[in-house]
Amino acid sequence: NHEFDQGWPDLRDRVQALADWEYISANVFQEGTDETALAESWTTELPNGVTMGFVGAVTEELPSLVSPAGLAGLEVRDIVDSVNAAADRLSDGDPENGEADVVVLLVHEGAATTSVDSATDPDSAFGRIVLGANEQIDAIVSGHTHLAYNHVIDGRPVISSGQYGEKFSDMVIEYDPVADELV
């Protein structure tokens, strides 16, 4: 959310231009349209030929965390609906969508505590994301709450590295291209 602290024009015109990467968010839209303000996903092909896809999302609390004037012209929509749609596009067999063998959700939202019960609490924003992410999403990397946790929930890694570079997460994903599944 802090990339929006100085407003959408600053992120769009200055910050994005200075970055060596693309900011992604599947749930921030141009107001009144179905067009995302930022790219919803990004893919990269690994040396072994496996394509990794990353779908991004910001907390739905964004409008209360930054100046409303800075978000003029934008809408923050439901994370689960937005990321599931983006993950489906990366997995639908249409190469125009930037197909991915493995899809990782990068979400600026997190669990309230380090317990797995917190990460799966259906009454929390993060629990709704973890429980609502569809089968196309193979792993979830979270942030926002500044807690470090490393869970596997229903076979899917769900991690957060804490805050300010104090910890480092190293997620190893093994993918079988013949079976087209994580092992």
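Predicted, not measured: the structure shown is a model, and the values here were computed from it.
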Main chain of [Y], side chain of [X]: is a donor-acceptor contact present, judged purely on distance under 3.5 Å?
X    : Y    : value
N150 : I159 : no
D78  : V80  : yes
R77  : V28  : no
Q6   : L11  : no
T145 : A111 : yes
T120 : G127 : no
D138 : R156 : no

### Query
Has D154 got more than 12 heavy atoms of other residues, nucleotides or ligands less than 6.0 Å from its CG?
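No.
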Looking only at heavy atoms, which two atoms of [X] and [Y] are closest? And how far apart?
X    : Y    : result
A72  : W8   : O-CD1, 4.5 Å
T51  : E99  : CG2-O, 3.2 Å
A87  : V55  : N-CG2, 4.2 Å
A133 : I140 : CB-CD1, 4.3 Å
A119 : H151 : CB-CD2, 4.1 Å
G70  : P9   : O-CD, 4.2 Å

Roughly how far apart are [X] [atom1] and [Y] [atom2], rounded to 0.5 Å?
X    : Y    : atom1 : atom2 : result
N84  : L105 : CG    : CG    : 9.0 Å
L182 : Y175 : CG    : OH    : 8.5 Å
F54  : E22  : CZ    : CD    : 13.0 Å
S25  : L38  : OG    : CG    : 6.0 Å
S124 : D117 : OG    : CG    : 11.0 Å
D10  : R12  : CG    : CZ    : 10.0 Å

### Query
So which pairs with a foot in residues 160-183 pass salt bridge (Lys or Arg N to Asp or Glu O under 4.0 Å), sequence neighbours left out?
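Pairs touching residues 160-183 that pass the test: none.
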Say whether [X] and [Y] are linked into one hydrophobic cluster, either directly or through other cluster members, by side-chain heavy-atom distances under 4.5 angstrom.
X    : Y    : result
V76  : F4   : yes
V152 : V103 : no
I137 : V50  : no
Y23  : L74  : yes
W21  : V15  : yes

### Task
Tell me whether the centres of the aromatic rings in F126 and H144 are closer together than 6.0 Å.
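When the ring centroids of F126 and H144 are compared, they turn out to be at least 6.0 Å apart.
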List the atom pairs, with distances to 0.1 Å, where a side-chain N or O of residues 56-68 and a protein N or O form a donor-acceptor pair under 3.5 Å, not counting sequence neighbours.
{"residue": "T59", "atom": "OG1", "partner": "E61", "partner atom": "N", "Å": "3.1"}
{"residue": "T59", "atom": "OG1", "partner": "E109", "partner atom": "OE1", "Å": "2.7"}
{"residue": "E60", "atom": "OE2", "partner": "I79", "partner atom": "N", "Å": "2.8"}
{"residue": "S64", "atom": "OG", "partner": "E61", "partner atom": "O", "Å": "2.8"}
{"residue": "S67", "atom": "OG", "partner": "A69", "partner atom": "N", "Å": "3.3"}

Less than 4.5 Å apart, any side-chain heavy atom of [X] and any of [Y]?
X    : Y    : answer
M52  : L46  : yes
V141 : S169 : no
I173 : V102 : yes

### Query
With respect to Y149, which candidate in S142, S118, S115 satisfies the side-chain hydrogen bond (donor to acceptor under 3.5 Å, both in side chains) definition?
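Single side-chain hydrogen bond (donor to acceptor under 3.5 Å, both in side chains) partner of Y149 among S142, S118, S115: S142.
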### Task
Starting from the C-alpha separation in whole Å, work towards a yes-or-no answer on side chain to side chain contact (heavy atoms under 4.5 Å, CB included) for I129 and V107.
CA-CA 9 Å; I129 294 164; V107 61; 4.1 Å; yes
### Task
Apply salt bridge (Lys or Arg N to Asp or Glu O under 4.0 Å) to R89 and E40, showing your working.
CA-CA 10 Å; R89 281 187 280 281; E40 65 182 11; 2.8 Å; yes
